[in-house]
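Only one structure is covered here, and it is reproduced in the block below.
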Amino acid sequence: MTSLNQQISQSAALIREQACGLKPRLAVILGSGLGAVADLLTETASIPYTSLPGFPQPTIEGHEGSFKIGTVNNVPVYYLKGRVHLYEGVGVDALKVMIRTLKTLDVETVIITNAAGGLHEALEPGSLMAISDHINLTGLNPLTGPNDDDWGTRFPSQEGAWNDGLRTLLIKGAAAQGVTLHQGVYCMHLGPTFETPAEIRMVKTIGGDAVGMSTIPENILARHCGMECVGLAAIVNRAAGMGFEKPSHEQTLIGARLAENNMAAALGAFISAYNIEAASQAA
Ligand code: HPA
C-alpha cells in the first residue's frame, strides 16, 4: 500500500503539473455553501479529489470535492472546494494528506472558512466572525498516534494557532470594503448532531462565541507543519436554544447565502493585502 507520505508527494506533483507555473503561497478551505467565495477565483485548473491519491471524497451536500488552482485579484491561490468532517468517518489520514500536500506545495498561510452557529446577540445569521482562538470539544486530535518528526514536533504549542497579525490584516481589509468582522472563540463539536441547548449554555460559560463541526483539525495539522492560519466563520444560525428555528443543514445553507457576499469581499481584500505585504517584506 502507498504510504501517506507517498500519497502526499504524488498529489503535490499532480497539482504542480496542472498549475501552469502558478506558485500560490495561500490556500483557502471552503466551508458549506459559500459559493460567492468560490466565484472569486479565476480558475486555471480544477482537479477532482478522486484524482489525488489519499484525498477524501466529501459526502455532504454543498461540498464539491475539488482542488482548484487559480488567482484572486491576480494573486495565485489554491482552493480546497469541499472539506471533509471527522463525523463523516473519513479518518484523519485523509485530512493529513490534504493539509500536508499544501505544505509540500510551499503554501505559507491557510485561510480556513466555515459555517457556524452564533452564541451572542451580535452574531446573527449572515454575520462574520474572525477566529481569534478555539476550544476543541471533540476529544479527538488529528496528531494522536505516532508522530512523523519530518512534519513537526511531537508536542506542538497551540499559542498563535490563529495568527494575530494576519487576522488584523483580514479585519482591516474587510472594513475597507464596508464589512464588519466580529472576533471570537470557535468551539468544535464532533457532530453530526447539533448541540443541545444545555451544551450551548456550557459553551457560552467556557468562553465560546461560535460553534461548528470542522476547522480545528485542519488548523492543528497546518500549525504542526509550520503554516500560518486565518479563520473566518460565517454565522448561519443562532445556536441551539437561542433562536426561533432549530439549527439544521437547510438553515446552514440559507445562512451561508446571507453571509457569502460579505465573506467574499473580506477574503478578496485580505488576499490582495497579503500579497502587497509579502512583496514589501521581500523588497
Ligand atoms: N452548531 C454546530 N455546527 C454548526 C451550527 C451549529 O449551530 N451551524 C452550522 N454548523
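All residue numbers in this chain count up from 1 along the given sequence. Numbering of ligands and ligand atoms starts at 1, following listing order.
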Considering the heavy atoms of [X], write down every atom of ligand 1 situated less than 4.0 Å from one of them.
| X | answer |
| --- | --- |
| Val236 | 8 (N), 9 (C) |
| Ala115 | 9 (C), 10 (N) |
| Glu195 | 1 (N), 2 (C), 6 (C), 7 (O) |
| Thr252 | 9 (C) |
| Phe194 | 1 (N), 2 (C), 4 (C), 5 (C), 6 (C), 7 (O), 8 (N) |

key: Closest protein heavy atom to atom 3 (N) of ligand 1, given as residue, atom name and distance to 0.1 Å   = Gly212 CA, 3.3 Å
message = Tell me the protein heavy atom at minimum distance from atom 7 (O) of ligand 1, and give that distance in Å.
response = Asn237 ND2, 3.0 Å
key: Criterion side-chain contact (heavy atoms from CB on, under 4.5 Å) against Tyr79, the qualifying member of Ile29, Val37, Leu26   = Val37
query = Any luck finding a side-chain donor-acceptor pair between Thr138 and Asn136 under 3.5 Å?
reply = yes
request  = Please check if the side chain of Gln18 supplies one atom and the backbone of Ile15 the other of a donor-acceptor pair under 3.5 Å.
outcome  = no
query = Quick one: does Ser11's side chain have a donor or acceptor within less than 3.5 Å of a partner on Pro53's backbone?
reply =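 Side chain of Ser11 to backbone of Pro53: a pair is present.
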Proximity of [X] to ligand 1 by residue part, where a heavy atom lies under 4.0 Å:
| X | value |
| --- | --- |
| Val211 | both |
| Ala116 | backbone |
| Asn114 | neither |

ask   = Relative to each other, are the rings of Phe270 and Tyr274 parallel, tilted or perpendicular (30° and 60° limits)?
value =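 Judged by the thresholds at 30° and 60°, the geometry between Phe270 and Tyr274 is tilted.
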inquiry  = Over 60° means perpendicular and under 30° means parallel, so tell me whether Phe67 and Tyr78 are parallel, tilted or perpendicular.
reply    = tilted
query = Rounded to the nearest 0.5 Å, how far does CD1 of Ile276 lie from CG of Asn73?
reply =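 Reported value, rounded in 0.5 Å steps: 9.5 Å.
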